[in-house]
Amino acid sequence: MKNLSDDELIQKVAQGNEMAFATLFDRHNGRFYGYVRSLIKDQNRAEDLTQDFWMKIIRLAESYKSQGSFVAWAYTLLRNASFNELRANKKFDGADATAIENEISVANFETDILSRFEVSDVKKSIDQLPDNQRVAILLWGVEELTYDDISHEMKLSVSAVKSLIFRARQTLEKSLPARSAK
Amino acid sequence: MSSFKDLINEKPSATFRNKVLSSAQGELKAIRTKKAVRNFWILALSSAASLGIVSWFTHKFLQGPKTSNELLAAQDNELIEDIDLLEDLELFEELEKEGIEI
């Protein structure tokens, strides 16, 4: 089972195969659970949402059509569930819409931040960002969505999204040296 | 160097894993049952359809002479009924000639 691709495993899940499901779960749950946990921060709710997500995967397995990657499809489902949760708790309160035209790339961010600081410290610092900044930077860094896509998902202007990511990076730059440097 | 994606990776607890896999067992079993029932009906209906075709084929091509015999028998019966009717009419005419009204 471990040699099978995600798409092949999904096809077997659609037939009710438990081994295929367990393989898919073990292969991806770390990042899926971690993503939800990073987005909504509450551990118990993150576990509930991730469990619901896996049950949804089983129910949708038969209608799943391989158009792109399973992981991208899964991230979309997780993001929608997490956004519903955040919106229900009014965590999206509009962003600081100061126009920022500077765009930074994920690769630059990884070179600048992740090469200089411990991953666990960066993670802790991201967890402490304001909700809007944290969500924007996760959609940008983890899902690698474009500014346009993030603006659509967060229902904010593109310049507001750029502003959020720019400020998130600024906050991380300020907070990280106090934590640790490699 | 670590990537952004490494940041979010979190190993779930064994309890969480067991909880999800145990819930999944029920869902997956339901899928298997649904598929088994569907396969049963597909098999039953296709068997019935096959039997129907075989029966029709046998009746049409292998038992043809018998059917002709049956048709001949039916024609004979109709002929006998017609003769009976004619005999009745002839009897009425004779009675009328003799002035007996019915």
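Throughout, a chain's letter reflects where its sequence line sits, starting with A, and its residues are numbered from 1.
Heavy-atom distances place the side chain of A:Y75, and not its backbone, under 4.5 Å from chain B. Interface remark: A:Y35 contributes backbone and side-chain atoms alike to the contact with chain B (heavy atom separation under 4.5 Å). In this structure, no portion of B:K34 lies under 4.5 Å from any heavy atom of chain A. For A:I137, the parts sitting under 4.5 Å from any heavy atom of chain B are the backbone and the side chain alike. With a threshold of 4.5 angstrom between heavy atoms, B:I31 approaches chain A through side-chain atoms but not through N, CA, C or O. Of the atoms belonging to A:E143, not a single heavy atom falls under 4.5 Å from chain B. Residue A:D52 does not touch chain B at all, counting heavy-atom pairs closer than 4.5 Å. With a threshold of 4.5 angstrom between heavy atoms, A:D26 approaches chain B through side-chain atoms but not through N, CA, C or O. Neither the backbone nor the side chain of A:V36 comes within less than 4.5 Å of any heavy atom in chain B.
Between B:E10 and A:K123 there is a side-chain heavy-atom pair separated by less than 4.5 Å. Between A:Y33 and B:N9, the closest side-chain pair of non-hydrogen atoms is not below 4.5 Å. The side-chain heavy atoms of A:M55 and B:V20, taken from C-beta on, include a pair separated by under 4.5 Å. Side-chain atoms of B:R32 and A:E18, non-hydrogen and from C-beta on, do get closer than 4.5 Å to each other. Counting heavy atoms from C-beta on, the side chains of A:W54 and B:L21 never come closer than 4.5 Å.
With chain B as the partner, the residue from A:S120, A:A22, A:G34, A:G30 showing the most heavy-atom pairs under 4.5 Å is A:G30. Of the listed residues (A:G16, A:S38, A:A61), the greatest number of heavy-atom pairs within a distance under 4.5 Å of chain B belongs to A:G16. For chain B, the option among A:R37, A:E144, A:E47 with the highest count of heavy-atom pairs below 4.5 Å is A:E47.
A distance of 4.5 Å separates CZ in B:F16 from OG1 in A:T50, rounded to the nearest 0.5 Å. In this structure, OG on B:S13 lies 7.5 Å from CD on A:Q43, to the nearest 0.5 angstrom. Distance check: A:I58 CD1 to B:L28 CG gives 4.0 Å after rounding to the nearest 0.5 Å.
Summarising the geometry of B:I8 relative to A:R31, their closest heavy-atom pair is CD1-O, 3.4 Å, with the distance given to 0.1 Å.
Within 6.0 Å of atom NZ in A:K41, more than 12 heavy atoms from other residues, nucleotides or ligands are found, so the atom counts as buried in its surroundings. B:K11 NZ: 12 or fewer foreign heavy atoms inside a 6.0 Å radius.
B:L43 and B:F40 fall into different hydrophobic clusters, where Ile, Leu, Val, Met, Phe, Trp and Tyr side chains are chained together by heavy-atom contacts under 4.5 Å.
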